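Everything on this sheet refers to the single structure shown next.
Owing to the predicted nature of the structure, the values given are computational and were not obtained by experimental measurement.
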Amino acid sequence: MNNEQLLQLTAQLSDMMALLQSVQKEKEELKSMIEELKNDNALLKEENNYLKRKLFGTKSETSHSLGFDQLSLFDEAEQECDDEVLRIEGHTRHKKKYKDQIKLKLSNLPQEDVLLTLPEGEKECPRCGHQLEPVGKEYVRQEVQFIPARLKVINIYRETYECRACKKEDTKVMVKTGVPAPVIPHSYASAESVAHIMKEKYVNGVPLYRQEAEWKRLGLDLSRATMANWVIIAAQEWLILLKKRMHELLIQENYVHCDETTVQVLNEPGKNNTTNSYMWVYASIKESTTPIRIFEYKPTRTGYNPKKFLKGFKGKVITDGYAGYNQLPNVTNVYCWAHCRRKFRDSLPDNVDNIDDTLAKKGLDQIKKLFIIEDEIKDLKAEEKVMIRQEKAKPILDKFFEWCEENKDDVLSKSKIHQAFQYALNLREGLSEYINDGYLPMTNSLDERTIRPFAVGRKNWLFSASPKGAEASAATYSMIETAKANGLDPYKYLSFVFKYLPSQDLVNHPESLDMFLPWSNECQLNCKLKRESNS
């Protein structure tokens, strides 16, 4: 082989090596691409399963709900019924116990006896024809009667008095009865009618167009536009005053729950009608002597809103970890373990042979231990809670966060379980804060329960027609939820406010406003949520 041939072979070998390297590189690239596609496919499947669970699955986060059983709309009666009641209908040995429970349940309602008697023509003895005389009565059964609403017009007059002695002396002295101020001037709205409309919309979630139909069936053609005006004017004139006073008191608290949810508001300046606005909710903790729940409508979700609302507050804020609350000065951020648990719950995979072997389930099991401890100490004093939390919860917390750190790099970076790990680790300090303060709750559930009636009602009335309407709704929800938190009947409370607050001289006696706060002696005496005594 001459040199020329050797050079040719060398060149060919070099080309083959280059080709081999190119093929190897393409192979690695394809392998990497396949792996990336597999990961993307896994993430898409996970996201699809997550969205299906959110759409069709149960919203409960209790341990028995982790199978994501779907509730059927067509077997609600079977799902919700009491097995004990079904057995009673079958005349089993539990019948007497069930009857005793019903008797106790009905004992708090007004009672009326109905005596069934024979018609006059049948009060003759079938044997001899003599008149029958009553000798006793026999108990048959109890029934609960529903009394439908009815309307009536109250024509208000006032008497005029004169002094006859002065009249004889040709001097006229005339005295007229005082007239209480109306809830809405120059309107036929009563305190009770406005309170009822508000109660139906904001407690029962009945939109105004449905109420309009109901009022018409009762005999009055009351338009939804009139009802909306009544709600807005009454809220602006009276409820916003009370809400502002509660705001002043809330700033003085040491602990505040914070949360927010979307609301659609029409005719907002500079915004499309389809753009989301927000209802912010602030609340004092369960142990507060003045339970306060405040709804605040704002067009945006920026952190400026809570910063402005909580100006002057120096304490601890309990939130879900939303970054908007991080702008609050001079406060300690405390985060919610229910939201942390939700992250792991959302990362549970579908179609696995053994869910106990998954990282998501292991995380949930560790968090569950913390909730069990809280359930055991819920009735203890704050000082006792701290001691037990430090002794029992702190070791579990430390172990949990170490476990998150060890496993976060072993999963896909965009997966739900990785997001759960990052959520827990990023908020570790705020999630751990509750073990140092017995007054701190482990979750922000109180605020979520407060906001739930708004979220349920929103599904019915869908949107607020204007910013004024949204502000009126915020004020009304604030007073209704605060009334409920203080054990008051919302309808009785609103009726009390609208009946007596308009007659108060708030200019010269602003302190009289406190008489209408839900925890006041006057409200507790007149508006307490209680059964009527037996008649």
Point-to-point distance, once rounded to the nearest 0.5 Å, from CD1 of Ile372 to CD1 of Ile377: 12.5 Å
Gap between atom CG of Leu364 and atom CG of Leu348 - 0.5 Å precision: 5.5 Å
Heavy-atom pair of closest approach, residues Leu427 and Gly321: CD1-CA, 4.0 Å
Atom OH of Tyr439: over 12 foreign heavy atoms under 6.0 Å: no
Donor-acceptor pair, side chain of Glu296 and main chain of Val281, under 3.5 angstrom: no
Student check: side-chain heavy atoms of Met198 and Leu239 closer than 4.5 Å: yes
Smallest separation among heavy atoms of Tyr493 and Cys523, with atom names: CE1-SG, 3.6 Å
Steps toward ring pair (Phe, Tyr, Trp, His ring centres under 6.0 Å) verdict (Tyr322, Tyr325): CA-CA 6 Å; Tyr322 169 51; Tyr325 298 108; 5.7 Å; yes
From Arg389 atom CZ to Glu374 atom CD, the distance as rounded to the nearest 0.5 Å: 4.0 Å
Atom NZ of Lys343 with >12 non-hydrogen neighbours under 6.0 angstrom: no
Salt bridge (charged side-chain N to carboxylate O under 4.0 Å, His left out) between Lys361 and Asp365, worked out: CA-CA 6 Å; Lys361 184 59 167 60; Asp365 288 342; 2.7 Å; yes
Residues forming a salt bridge (Lys or Arg N to Asp or Glu O under 4.0 Å) with Glu429, sequence neighbours excluded: none
Asp259 side chain vs Asp320 backbone, donor-acceptor pair below 3.5 Å: no
Test salt bridge (charged side-chain N to carboxylate O under 4.0 Å, His left out) applied to Asp489 and Lys528, step by step: CA-CA 6 Å; Asp489 181 306; Lys528 198 71 177 175; over 6 Å; no
Backbone N/O of Thr275 and side chain of Gln264: donor-acceptor pair under 3.5 Å: no
By side-chain hydrogen bond (donor to acceptor under 3.5 Å, both in side chains) - contacts of Asn444 (at least two apart): His257
Full working for salt bridge (charged side-chain N to carboxylate O under 4.0 Å, His left out) between Glu260 and Lys298: CA-CA 10 Å; Glu260 75 287 334; Lys298 291 296 177 184; over 6 Å; no
Trace of the side chain to side chain contact (heavy atoms under 4.5 Å, CB included) decision for Asp447 with Ile318: CA-CA 9 Å; Asp447 226 29; Ile318 304 117; over 6 Å; no
Minimal non-hydrogen separation, Asp514 against Ser520, with atom names: O-CB, 3.5 Å
Heavy-atom side-chain proximity of Val265 to Pro467 below 4.5 angstrom: yes
Donor-acceptor pair, side chain of Asn426 and main chain of Gln422, under 3.5 angstrom: yes
Backbone of Tyr335 reached by a side-chain donor or acceptor of Thr319 within 3.5 Å: no
Geometric class of the Phe421/Trp403 ring pair [parallel <30°, tilted 30-60°, perpendicular >60°]: perpendicular
Inter-residue atom distance Ile367.CD1 - Phe344.CZ, 0.5 Å rounding: 5.0 Å
Working for side chain to side chain donor-acceptor pair (under 3.5 Å), residues Glu253 and Ser288: CA-CA 8 Å; Glu253 295 276 324; Ser288 174; 3.2 Å; yes
Heavy-atom donor-acceptor pair, Glu384 side chain to Lys381 backbone, under 3.5 Å: yes
From NZ (Lys408) to CG (Leu359), nearest 0.5 Å: 13.5 Å
Residue pairs passing the ring pair (Phe, Tyr, Trp, His ring centres under 6.0 Å) test where at least one lies in residues 287-318, sequence neighbours excluded: His247-Phe309, Tyr282-Phe309, Phe295-Tyr477
Flag for Glu471-Ser466: side-chain donor and acceptor within less than 3.5 Å: no
Student check: side-chain heavy atoms of Val334 and Val317 closer than 4.5 Å: no
Polar contact flag, side-chain donor to acceptor under 3.5 angstrom, Gln390-Asn436: yes
Inter-residue atom distance Ser413.OG - Gln419.CD, 0.5 Å rounding: 9.5 Å
Heavy-atom pair of closest approach, residues Leu431 and Ala424: CD1-O, 3.8 Å
Donor-acceptor under 3.5 Å (Thr482 side chain, Met479 main chain): no
Salt bridge (charged side-chain N to carboxylate O under 4.0 Å, His left out) assessment of Glu402 paired with Lys399: CA-CA 5 Å; Glu402 289 174 6; Lys399 182 180 178 182; over 6 Å; no
